[in-house]
Amino acid sequence: MTRLTITRPDDWHVHLRDGEVLTNTVEDISRYFGRAIVMPNLVPPVVNAKGATEYHERIMAANPREGFKPLMVLYLTDNTTPADIAEAKASGLVYAAKLYPAGATTNSSSGVTDVNNISDVIAAMQEHDMPLLIHGEVTDKEIDIFDREAEFIDTILKPLVANYPDLKVVLEHITTKNAVDFVKAAGKNVGATITAHHLLYNRNHMLAGGIRPHFFCLPILKRNIHQQALVEAATSGNEKFFLGTDSAPHAKHAKESACGCAGSYTAHAAIELYAEVFEQENALDKLEAFASLNGPNFYRLPVNNDTITIEKLSWPVPETMAFGSDVVVPIKAGEEMTWQVVEG
Ligand SMILES: NC(=O)N[C@@H](CC(=O)O)C(=O)O
Ligand SMILES: [Zn+2]
Ligand SMILES: [Zn+2]
């Protein structure tokens, strides 16, 4: 297959950041995505309807493609109240709330220190049918960084899902076979996003023969048996798994540093990167389910009513891309992409 038309895809997990870089991130993400779940881990974070409404305005002012719709997300803290959830829902702009265990990832210091602190908030989310999006890693310094997702599933997620059987839960950017197995076995109310970089790479790509900081993201790339489990889940057509790029730009100097930031930039070539994986697996016929249908079905939103077309055409990824007055190094910098979006 060298040409494929699919329903317009959506990105169910992206970081657009804020300020001058919005011009760049919004241009890339709105190029052909219909909607995007916009992560709220700004400094300070988006903690209520007012913050979400103002951030939405700044994104729209950054000139997205006409028709692009940012879906806003609330950042849960120990101080979030059930009233915050009700107000966010009523705004019509907020589609989910995000649980960052405090200290788990970039800009998560205001996150939740113990899920038991927000049980009334989670109950309110269940009542309002607002999905809970989860960065699923424990923060215990004693736990090996490669085990933090599996440990989170066993010690925090399993009891949480059991206590709130009607709560919609998205385990974000899954990285392990443990996560795939957990999500498959859970009820219809539990889904997961999968990034392109966790499908394309494993920890050898990041660490063998030299350390490659642009592959460093959280949860960290795992060994290849986990990568294989993710590839199987994404390309299976299973409706619980859907596209979330977790495109998370940091300026070049912040990544290429003695203490580099976590996050990889993929918004410049998102569907093109996924297409490479699906092609390798002989599963291009499943790309539309993963990229365009499963996400809206999970969120109970209509699928987009137009299409995009991709074609087998190579194009070079630049070494760096503009990021406000700085630059970002995109995934596959200096390499050739093999698929191109030709319509949409
Ligand atoms: N994925 C990452 O490594 N980083 C994200 C935060 C996140 O999604 O955990 C970021 O905001 O930079
Ligand atoms: Zn995360
Ligand atoms: Zn993220």
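Order of listing sets the numbers, starting from 1, for every ligand and every atom in it.
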Centres of the His198 and His226 rings: under 6.0 Å? no
Residue and atom, protein N/O/S, under 2.8 Å of the Zn ion (ligand 2): His135 ND1, His173 NE2
Between Glu149 and Thr175, do the side chains contain an N or O donor and an N or O acceptor separated by less than 3.5 Å? yes
Taking the six-membered ring for Trp and the full ring for Phe, Tyr or His, determine whether the centres of Tyr274 and Trp339 are under 6.0 Å apart. no
Classify the ring geometry of His268 against Trp315: parallel below 30°, tilted from 30° to 60°, perpendicular beyond 60°. perpendicular
Please check if any side-chain donor atom of Asn204 sits under 3.5 Å from a side-chain acceptor atom of Asn202, or the reverse. no
Looking only at the aromatic ring of each residue, does the gap between the centers of Phe323 and Tyr265 stay below 6.0 angstrom? no
Hey, what's the ring geometry for Phe215 with Tyr201, parallel, tilted or perpendicular (30° and 60° as the breaks)? tilted
Would you say the ring centers of Phe242 and Phe298 fall short of 6.0 Å from each other? yes
Stepwise side chain to side chain contact (heavy atoms under 4.5 Å, CB included) check, Glu172 with Ile134: CA-CA 6 Å; Glu172 298 290 334; Ile134 301 182; 5.6 Å; no
Kindly tell me which protein residues have any non-hydrogen atom under 4.0 angstrom away from an atom of ligand 1, grouped by chain and ordered by number? His13, His15, Arg17, Asn41, Thr105, Thr106, His135, His173, Cys217, Leu218, Asp246, Ala248, His250, Ala262, Gly263
